[in-house]
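Whatever order the structure lists them in is the order used to number ligands and atoms, beginning at 1. The figures here come from the full heavy-atom set of this structure, side chains too, leaving out hydrogens, waters and symmetry mates. The first residue in the sequence is number 1, and the count goes up from there.
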Amino acid sequence: MIIKNLKIIGFRNLRDLQVSFCKNKNLIHGLNGAGKTSILEAIFLPGFGKSFLNVKKSEIVNDNSDFFSIRLCAADVAVASHSLSETVPRHENENTISSHYETIKAKFTLLLNDKKSNIFEINRYLYPLLFSSSNYNLYIESRTQIRKLMDRFIFGADSLYIHYLLSYNKALKQKNYLLKKKQNLDEIPSWNKILAEMSEKIVGTRMKFIEMLNTEIKNKFDRDLAINYRPSFTNISTAADISQGFFFNQLEKLRQSEMIQKRSLRGPHLDIFETRLNRKDLRFYSSGEKKINLLMLYIAFIQLFKRLKNEYPVFLVDDFDTAIDDRNIDFLMENYPDLQVIATSVNKNDRFDHLIELKKEN
Ligand SMILES: Nc1ncnc2c1ncn2[C@@H]1O[C@H](COP(=O)(O)OP(=O)(O)OP(=O)(O)O)[C@@H](O)[C@H]1O
Ligand SMILES: [Mg+2]
């Protein structure tokens, strides 16, 4: 998939902006504060229904506006024919994806070809993958952040996954509320039943995905880099252990302790994804080593995505020259000619096919 063009209104400092992209490597360059990261944020938002920054939508709306609006045209790029020297991409299908937010009504809408839509549907036509220099440390250091990253990866591979997560989180919130308020505690088993049902789906999907991702890393890079997935439910040794009944029993056994501690103590929201290099947690490596290995995880994911969906995600790279060193930029350019990259930088760079200068007044 590629993004052909983008129109943004009232989004952060971008009051009214139109940009066209080429199908290969794009670089948005401009001064600090020009709005480069905001453009990537505007591409990301319709794909996930929220920003990659931990902010409310009302904070994104331009200070002098009462709404924001994003409209982009995404095209499927199917490889139509192979010749000896090149593969010829064919634009099969173009789709318009829009997203609006009105501050007064706090109303957020997603549209696909001008019809009301949702992220499950949009996921088929737009999957933005964000790589940024400012969060590589965060992903490795913070268990919550790496879990969020893996969840986003898995959503790319299986759009139903987000449905399981949303249902799980909704039930978890209810259960935690009852535990905290010590109200209607007799309802806990029925919440545990829903949580166990969703846990089976989430843990099962996570296990399968991590196995595929690790195989991809091994085949691509031949190094001892892997994600070690540790579900918070104990004693899972085989896929056969992943069953609603198994999880329900564990939750029921914890009922007394959870009532004393007034919170839910086990479940996928506490699962651990540890990045390991040579059997050692990547947290203990240098920041440069973290960065390069995180990039390898991303590349392995891009490869896996391609294998599963027969197309590439749209790769957004914020502050690319801090995020990726020259050798790896060349690697990306040479090995993934059909991958659309939309990168940002303060500087121009001739390695890119299409340079977009962003002036402050946009
Ligand atoms: N709601 C808002 N309304 C108006 N301006 C905003 C809003 N939110 C953020 N801004 C401003 O938008 C500008 C663009 O921010 P952005 O992070 O996109 O810049 P950038 O080009 O990525 O800069 P850098 O090179 O420093 O990363 C900033 O000056 C920021 O203060
Ligand atoms: Mg920026």
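For atom 23 (O) of ligand 1, the nearest non-hydrogen atom of the protein is Gly33 N, 2.8 Å. Remark: minimum distance from atom 18 (O) of ligand 1 to any protein heavy atom is reached at Ser38 OG, 2.5 Å. For atom 25 (O) of ligand 1, the closest non-hydrogen atom of the protein is Lys36 NZ, 2.7 Å. Looking only at heavy atoms of the protein, atom 11 (C) of ligand 1 is closest to Asn13 CB, 4.0 Å. In terms of protein heavy-atom proximity, atom 22 (O) of ligand 1 is nearest to Thr37 OG1, 2.8 Å. Scanning the protein for heavy atoms near atom 26 (O) of ligand 1, the closest one is Asn32 ND2, 3.2 Å. Here the heavy atom of the protein found nearest to atom 8 (N) of ligand 1 is Arg12 NH1, 3.2 Å.
Proximity of a side-chain donor or acceptor of Lys291 to a complementary backbone N or O of Thr322 within less than 3.5 Å is detected.
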List the steps, then state whether side-chain contact (heavy atoms from CB on, under 4.5 Å) holds for Phe21 with Ile28.
CA-CA 10 Å; Phe21 299 106; Ile28 303 166; 4.3 Å; yes
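Results of the salt bridge (charged side-chain N to carboxylate O under 4.0 Å, His left out) test with Asp271 over Arg143, Arg206, Lys148, Arg230 single out Arg206 as the only residue that passes.
In terms of polar-atom proximity, defined here as any N/O pair under 3.5 Å, Asp319 makes no such contact with ligand 1. Taking distance alone, with nitrogen or oxygen atoms compared against 3.5 Å, Val346 stays at or beyond that limit from ligand 1. Considering both main-chain and side-chain atoms, Val61 comes within under 3.5 Å of ligand 1 through a nitrogen or oxygen pair.
By the 4.0 Å heavy-atom criterion, Gly35 is counted among the residues contacting ligand 1. Residue contacts with ligand 1 include Leu31, since one or more of its heavy atoms lies under 4.0 Å from the ligand.
Atoms of ligand 1 found under 4.0 Å from any heavy atom of Ala34, numbered from 1 in the order shown, are 19 (O), 21 (O). In summary, the atoms of ligand 1 found under 4.0 Å from a heavy atom of Ile60, numbered by their order in the structure, are 1 (N).
The structure places CG of Asn228 at 10.5 Å from CZ of Phe273, a figure rounded to the nearest 0.5 Å. Taking OG of Ser99 as the reference point, atom CZ of Arg71 lies at 11.5 Å (rounded to 0.5 Å). Distance check, rounded to the nearest 0.5 Å: CD1 of Ile342 to CD1 of Ile43 gives 4.0 Å. Summarising the geometry, atom NZ belonging to Lys115 is positioned 8.5 Å from atom CG belonging to Leu112; distances are rounded to the nearest 0.5 Å.
Looking at Asn64 against ligand 1, nothing comes within 4.0 Å, counting heavy atoms. Of the heavy atoms in Glu59, only backbone atoms (N, CA, C, O) come closer than 4.0 Å to ligand 1. Counting heavy atoms closer than 4.0 Å to ligand 1, residue Asp318 contributes nothing at all.
Cation-pi geometry between Lys306 and Tyr312 is met: under 6.0 angstrom from the ring centre, within 45 degrees of the axis.
Asp281 has no carboxylate O lying under 4.0 Å from a charged side-chain N of Arg276, or vice versa, which leaves the two without a salt bridge. Ion pairing between a basic and an acidic side chain is recognised when a charged N comes within 4.0 Å of a carboxylate O; Arg12 and Glu59 show no such pairing. Contact check on Lys4 versus Glu94 returns a salt bridge, with a Lys/Arg side-chain nitrogen under 4.0 Å from an Asp/Glu carboxylate oxygen.
Protein heavy atoms are found inside the 4.0 Å sphere centred on atom 14 (C) of ligand 1. Inside a 4.0 Å radius of atom 1 (N) of ligand 1 there is at least one protein heavy atom.
Taking the six-membered ring for Trp and the full ring otherwise, the centers of Phe153 and Tyr161 sit at least 6.0 Å from each other. For Phe305 and Tyr298, the gap between ring centers reaches or exceeds 6.0 Å. Taking the six-membered ring where the residue is Trp, the centroids of Phe48 and Phe155 are separated by under 6.0 Å.
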Sequence neighbours left out, cut at 3.5 Å: what donor-acceptor pairs do the side chains of residues 259-269 make with other protein atoms?
from, atom 1, to, atom 2, distance (Å)
Gln261, OE1, Arg263, NH2, 3.3
His269, ND1, Tyr168, OH, 2.8

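Around the Mg ion (ligand 2), protein N, O or S atoms at less than 2.8 Å number 1.
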